[in-house]
Amino acid sequence: MGPRRVLVTGCSSGIGLAVAARLAKDELRRFEVNNAGVGMIGPLECQSIDAMKNLFDTNFFGLARLVKELLPDMKRRQSGHIVVMSSVMGIQGLLFNDVYSASKFAVEGFCESLAVQAMKFSIKTTLVEPGPVVTEFERKVLEDAEKMDLSGTDEETAKIFREVYLPYSKKIFSSLGQTPEEVAEQTIKVITAKEPPLRHQTNRLYMPMTALKHADPTGRLPLDTFYKMIFKHDSVFNATLGVLRMLQRGAGKK
Ligand SMILES: NC(=O)c1ccc[n+]([C@@H]2O[C@H](COP(=O)([O-])OP(=O)(O)OC[C@H]3O[C@@H](n4cnc5c(N)ncnc54)[C@H](OP(=O)(O)O)[C@@H]3O)[C@@H](O)[C@H]2O)c1
């Protein structure tokens, strides 16, 4: 085996830690995993432009800086694999996740554009797209949301955020949330495949949501579906989560 070089950003906790631990065990070679990231939720009117810039600095410019630094060497070696922890929110926006989702869309656009040039130099690119994962990330984001000053927005929006979005979000994490180890396991599996995909969604239970986007290029179908799930059919939302939870338990037993 040749010299190993594995670089994982943001590996003090969560997915990054689990990925680094798995990569260390497997003695794999030459992966650059851009994982560091932060979250942000809430009504747009309550978020400062500085906070948005900080988030982009970590989630997007962190990636741009890392790749800019490593690309020349990878090109010279004609090898390497850029692995990026994106999110299903890099494919599809979600209520009250406007800025976070925008940063992950930026990540997706950046990698999709670069991947063609990288391919010319035999460099691989993979975007890992987890759905909800139970980590510090979720805890921090929800903790900040509970304390958030909502005086910058109107009462109706504040109520939707507090009484609809936050309880739904907690239910989604407890029903569909993966562990960081599950995400790490899938990450290793796809990046060590003979022909790694450009994109990999780690959460099968979340896939019906992202499939809506591809099913209707006008954007109407996912928009209507999310709207109805959130504002019109509370019982449908809860029943769907119940079924998904059962499916997940079933899959876990196998
Ligand atoms: N959890 C989810 O539901 C979920 C879903 C989809 C995608 N993701 C993505 O997965 C990645 C990892 O998230 P996680 O859930 O594992 O969260 P996490 O446990 O909070 O870990 C985030 C990591 O990023 C590091 N980090 C944050 N800001 C940084 C900065 N400015 N410079 C360097 N490192 C920084 C943190 O280090 P410190 O603690 O030292 O700051 C930590 O090691 C993120 O890109 C996130 O967007 C998470």
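Residues take their numbers from the sequence shown, with the count starting at 1. Values below: all heavy atoms of this structure, side chains included; hydrogens, waters and symmetry mates excluded. Numbering of ligands and ligand atoms starts at 1, following listing order.
Contact analysis leaves M89 out of contact with ligand 1, as no non-hydrogen atom separation drops below 4.0 angstrom. Contact between E129 and ligand 1 is absent, with no heavy atom of the residue lying under 4.0 Å from the ligand. By the 4.0 Å heavy-atom criterion, M85 is counted among the residues contacting ligand 1.
Atoms of ligand 1 found under 4.0 Å from any heavy atom of V38, numbered from 1 in the order shown, are 27 (C), 28 (N). For ligand 1, the atoms sitting less than 4.0 Å from at least one non-hydrogen atom of C11 are 43 (O), numbered in the order shown with element in parentheses. Atoms of ligand 1 lying under 4.0 Å from any heavy atom of T58, numbered from 1 in the order shown and given with element: 28 (N), 29 (C), 30 (C), 31 (N). Atom numbering of ligand 1 starts at 1 in the shown order; those under 4.0 Å from a heavy atom of E136 are 19 (O), 20 (O).
The nearest heavy-atom contact from the protein to atom 18 (P) of ligand 1 is S13 OG, 3.5 Å. Scanning the protein for heavy atoms near atom 45 (O) of ligand 1, the closest one is N35 O, 2.7 Å. From the protein, the heavy atom lying nearest to atom 48 (C) of ligand 1 is I15 CD1, 3.9 Å. For atom 1 (N) of ligand 1, the closest non-hydrogen atom of the protein is V133 O, 3.1 Å. Among protein heavy atoms, the minimum distance from atom 17 (O) of ligand 1 is reached at F137 CB, 3.1 Å. Looking only at heavy atoms of the protein, atom 23 (C) of ligand 1 is closest to G10 O, 3.5 Å.
By the definition of a contact as any protein heavy atom under 4.0 Å away, atom 41 (O) of ligand 1 is not in contact.
Considering each of P130, S86, P132, A20, the one bringing a non-hydrogen atom nearest atom 9 (C) of ligand 1 is S86. Proximity annotation for atom 5 (C) of ligand 1: of G16, G131, S87, G131 comes nearest, heavy atoms only. Here the shortest heavy-atom distance to atom 36 (C) of ligand 1, taken over S12, A18, G39, belongs to S12.
Of the residues listed (H200, R199, H81), the one engaging T126 in a side chain to side chain donor-acceptor pair (under 3.5 Å) is H81, and it is the only one.
Ion pairing between E156 and K159 fails under the 4.0 Å rule for side-chain N and carboxylate O.
For the side-chain hydrogen bond (donor to acceptor under 3.5 Å, both in side chains) test, no residue two or more places apart in sequence or in another chain qualifies with T58.
Between Y165 and F161, the ring-plane angle classifies as parallel under the 30° and 60° cut-offs.
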